[in-house]
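This report refers to the structure that appears directly beneath it.
Naming convention: chains lettered A, B, ... in sequence-line order (proteins, then strands); numbering from 1 in each chain.
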Amino acid sequence: MSSSDRGPVRTRYAPSPTGPQHIGGIRSALFGWLFARRHGGQFILRIEDTDRKRSVPGLIEMIQDAFDWLGLDIDEGPRQGGPFGPYIQSQRLDLYQTWAHWLVEKGHAYKCFATAEELAQMREAGSGYDRRYRDLDPAAAKRLASRSQDYVIRFKMPLTGKTSGYDMIRGEVTFDNEQLQDTVLLKSDGFPTYHLAHIVDDHHMKISHITRAVEWLPSFPLHLKIWEALGWQKPYFAHLPVLLNPNGKGKLSKRKGRFAAADGTSVPVLVQEFIDAGYLPAAVLNFLTNIGWNFGDDREIFSLSEAIERFDLTDVNPANSAYPIAKLHWLNGQYIQSADVDYLAGLLKPVLQGAGYAVDEARLRRVAPILQVRLKTLNDVIAMAGFFFEEWSCFTAPATEILFQKKMDGRATRQVLEASIPVIESLADFSHERQYAAFKDLAKKIGYKNGQVFGALRAAVTGQRVSPPTFETMEILGKAESIRRIKLACDSLE
RNA sequence: GGCCCCUUCGUCUAGCGGCCUAGGAUGCCACCCUUUCAAGGUGGAGACACGGGUUCGAGUCCCGUAGGGGCUACCA
């Protein structure tokens, strides 16, 4: 959608710093970001900390970090600065106050002196605020104000008629004005509510397209009326669908987030949880972009820059969607599979170190390629390949029985393992191809199946029943270490 | 309760009146490949919420019903 009449495309993500970054919020931000990039515009981060009770200090950095991890660059924001700062609402209080009082002067808003008790009574009566101060005569209002009585400023919502607005995703939406209350614009502590603050900021920051979650749709008409009262040109609006819990019941929430998926694993919801679970930022981005929007051409895997070329808010599916977390698992595996080896090794290193392994980088670079088709998350490396980075003084597998292959007892297993040692010693070329040939010969010679010999070796050398291919593993381990581990396994069979 | 939004395989989606005996992906199942696990290949089961219209023709447009989601704060 062109916006030449509204200047360059400028979108923003405006979280309230009340908790760590939630994937639902990130997805909304991503759509705004994609749209800005598609049109060569700017993406702004603005912190909406107007709720003093709920704002958590220190969270701004965490929000920035989340964007950094994902690789979504921000043009203007608390860290980057910009021509329309500050980008933190608590630092722009005078602006909101000025406009709130301007609206009062112009008759679009009024001071309301209702006490908390009065409000509570009205709530109990079930009809909401009854606009009792809407038509208070100016003299009385002045008298109350001079007694330094607390007041809020409320918007004078039209009592009749309808308000409709255009949503880029759903088209025209119409509401009855009488459904809306005289919403508070400025609280008694001098802080604005969201309704006032975002409009003042979006105007002053020259936001061209407001992208926000659907939960804002009910207050869309209120906002439209405020824009009109202020006499400012309205931006375009796109109310984004939201993520529902994996079972489709209820909005995806931070608190309910950690329930178990079908396979028993917990569902990541916070950005930090994606990092901790070993997901790649590119995979997470691809995953999120594919919910509510699609690339076309039946393509599931695409880069962010490819998405930028095609993205449009008008193509976003208006329906909310269940959080399809299983697809991320698959996608992440695909990204690991096609990742650059050095990049992958670089990501794997801290994971292994975090699990207490001493990582030899050269070895890790050799291990990474044989892991690529096997890892779904970075964390899988621990279970799959931790043994590469351990010093063994004895066969450490939880059960010696893992050494036993089909129809084999301890004696047979030992016989196979002992017969393997001279085979290894005899190999001048220790490549996995040569090993394969040599051990096939051995199996034939001693009358065992390939699987029995290979499996016993696998267990002896890795301490696992499931591992990367045995011979490639031994090639990396080296002859000496392979033999050493096989001997330790034999010892355990004493 | 009132208001608003939404509704295609379990899930994410394609579909913008005839190309749909509804396509892709994931997940699931089977087979193939195979030294385990994966990966890869092939195949399979699996959906237009329901009821009315409009139209020569409806998954696609309209209305109703049902279901789901959201809002209804001096929270965002």
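- The side chain of A:Arg54 approaches B:C75 more closely than any other nucleotide in the set B:U7, B:C12, B:C75.
- Donor-acceptor pairing under 3.5 Å, judged by distance alone, is present between the side chain of A:Glu300 and the base of B:G24.
- Taking the six-membered ring wherever Trp is involved, the centroid distance between the rings of A:Tyr110 and A:Tyr133 does not fall below 6.0 Å.
- Residue-level contact check: A:Trp293 touches neither bases nor backbone, having no heavy atom under 4.0 Å from any strand.
- Between B:C6, B:C12, B:C3, one nucleotide has an atom nearer to the side chain of A:Gln179 than all others, and that is B:C3.
- Across all strands, A:Phe471 comes closer than 4.0 Å to base atoms (heavy-atom distances).
- Comparing B:A76, B:U13, B:G23 against the side chain of A:Asp298 picks out B:G23 as the nearest.
- Between the P atom of B:G2 and the CG atom of A:Leu217 lies a distance of 19 Å, rounded to the nearest Å.
- A:Glu481 has a carboxylate O that lies under 4.0 Å from a charged side-chain N of A:Arg485, or vice versa, which qualifies the two as a salt bridge.
- Across the strands present, B:G18 finds its partner in B:C56; the criterion is a Watson-Crick or G-U wobble pair with both atom distances under 3.5 angstrom.
- Within 4.0 Å (heavy atoms only), A:Thr50 reaches sugar-phosphate atoms of the nucleic acid but no base atom.
- Within the nucleic acid shown, A:Asp167 has no heavy atom closer than 4.0 Å to any nucleic acid atom.
- We find that OH of A:Tyr323 is positioned 15 Å from C1' of B:U26, with the value rounded to whole Å.
- A donor-acceptor contact under 3.5 Å is formed by the side chain of A:Ser188 with the base of B:C74.
- Comparing the same atom, P, in B:G27 and in B:C63 gives a spacing of 39 Å after rounding to whole Å.
- Rounded to whole Å, the C1' atom of B:A49 lies 7 Å from the corresponding atom of B:U7.
- Annotation: B:G23 and B:C16 have their P atoms spaced 14 Å apart (nearest Å).
- Residue A:Ser467 is classed as a base contact, given a heavy-atom separation below 4.0 Å to a base.
- When Watson-Crick and G-U wobble pairs are counted only if both distances are under 3.5 Å, B:U42 pairs with B:A30.
- Here the separation of B:C3 from B:G64, taken at their P atoms, is 12 Å to the nearest Å.
- Taking atom CZ of A:Phe454 as the reference point, atom C1' of B:C37 lies 16 Å away to the nearest angstrom.
- A:Arg458 places no side-chain N or O within 3.5 Å of a backbone atom of A:Phe471 that could act as its donor or acceptor partner.
- Proximity note for A:Val184 (side chain, C-beta onward) versus B:A76, B:C74, B:A38: the nearest is B:C74.
- Here, B:U55 and B:C62 have their C1' atoms 12 Å apart, quoted to the whole Å.
- Counted within 6.0 Å of CD on A:Glu172, heavy atoms from surrounding residues, nucleotides or ligands total more than 12; the atom is thus considered enclosed.
- Contact annotation for A:Thr174: backbone-only contact, meaning every heavy-atom pair under 4.0 Å involves sugar-phosphate atoms and none involves a base.
- Set against B:U7, B:U11, B:U36, the side chain of A:Pro318 has B:U7 as its closest nucleotide.
- Heavy atoms of A:Gly296 sit nowhere under 4.0 angstrom from any nucleic acid atom.
- Between the OH atom of A:Tyr96 and the P atom of B:A76 there is a distance of 11 Å, given to the nearest Å.
- At the heavy-atom level, A:Pro468 lies under 4.0 Å from base atoms of the strands shown.
- Across all strands shown, B:G67 forms a Watson-Crick or G-U wobble pair, both distances under 3.5 Å, with B:C6.
- Listed candidates were B:C12, B:A76, B:A14. Nearest to the side chain of A:Asn294 is B:A14.
- For A:Glu215, taking side-chain heavy atoms from C-beta onward, the closest of the listed nucleotides B:C74, B:C37, B:C71 is B:C71.
- Of the candidate nucleotides B:C5, B:C12, B:A76, B:C5 has the atom lying nearest to any side-chain atom of A:Val173.
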**OP:** Assess whether side-chain contact (heavy atoms from CB on, under 4.5 Å) is satisfied between A:Asp315 and A:Asn294, documenting all intermediate values.
**Re:** CA-CA 8 Å; A:Asp315 293 333; A:Asn294 74 92; over 6 Å; no

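- In this structure, A:Pro192 reaches the sugar-phosphate backbone alone: every heavy-atom distance under 4.0 Å involves primed, P, OP1 or OP2 atoms, never a base.
- Nucleotide B:C16 holds its C1' atom 16 Å from the CD1 atom of A:Ile169, rounded to whole Å.
- Remark: the backbone N or O of A:Leu427 is paired with a side-chain donor or acceptor of A:Lys479 at under 3.5 angstrom.
- The environment of A:Lys156 atom NZ is dense: over 12 non-hydrogen atoms of other residues, nucleotides or ligands sit within 6.0 angstrom.
- The interatomic distance linking A:Phe191 (CZ) with B:C74 (C1') rounds to 12 Å, in whole Å.
- Nucleotides of RNA chain B nearest to A:Pro218 and A:Gly455 differ in position, and the one nearer the 5' end is that of A:Gly455.
- A:Val453 comes within 4.0 angstrom of no nucleic acid atom, judged by non-hydrogen atoms across all strands.
- Taking the C1' atoms as reference points, B:G46 lies 32 Å from B:U36, given to the whole Å.
- On a pure distance criterion of 3.5 Å, a polar donor-acceptor pair joins the side chain of A:Arg458 and the base of B:U35.
- Of the P atoms belonging to B:C29 and B:A38, the separation is 11 Å, rounded to the nearest Å.
- B:C4 atom P lies 8 Å from atom CZ of A:Phe175, rounded to whole Å.
- The residue A:Lys376 sits close only to the backbone: its heavy atoms come under 4.0 Å of sugar-phosphate atoms, none of a base.
- The side-chain tip of A:Arg299 points at the ring of A:Phe295 from less than 6.0 angstrom away and within 45° of straight on.
- Taking the six-membered ring for Trp and thresholds of 30 and 60 degrees, A:Trp293 and A:Phe311 have ring planes inclined between 30 and 60 degrees apart.
- Ring planes of A:Trp216 and A:His223: tilted class, angle from 30 to 60°.
- B:G59 and B:U21 are spaced 10 Å apart, taking the P atom of each and rounding to whole Å.
- If you check every strand for non-hydrogen atoms under 4.0 Å, A:Ala114 touches a base.
- When rounded to the nearest whole Å, the span between CD of A:Gln181 and P of B:C71 equals 15 Å.
- Base-pair partner of B:U35: not found among the strands shown (Watson-Crick or G-U wobble, both distances under 3.5 Å).
- At a threshold of 4.0 angstrom between heavy atoms, the contacts of A:Gln337 are confined to the sugar-phosphate backbone, with no base atom among them.
- Residue A:Pro469 is classed as a base contact, given a heavy-atom separation below 4.0 Å to a base.
- Across all strands shown, B:A47 forms no Watson-Crick or G-U wobble pair with both distances under 3.5 Å.
- Taking the side chain of A:Asp51 as heavy atoms from C-beta on, and the options B:U35, B:C74, B:C75, the nearest nucleotide is B:C75.
- Nucleotides of RNA chain B nearest to A:Gln334 and A:Arg299 differ in position, and the one nearer the 5' end is that of A:Arg299.
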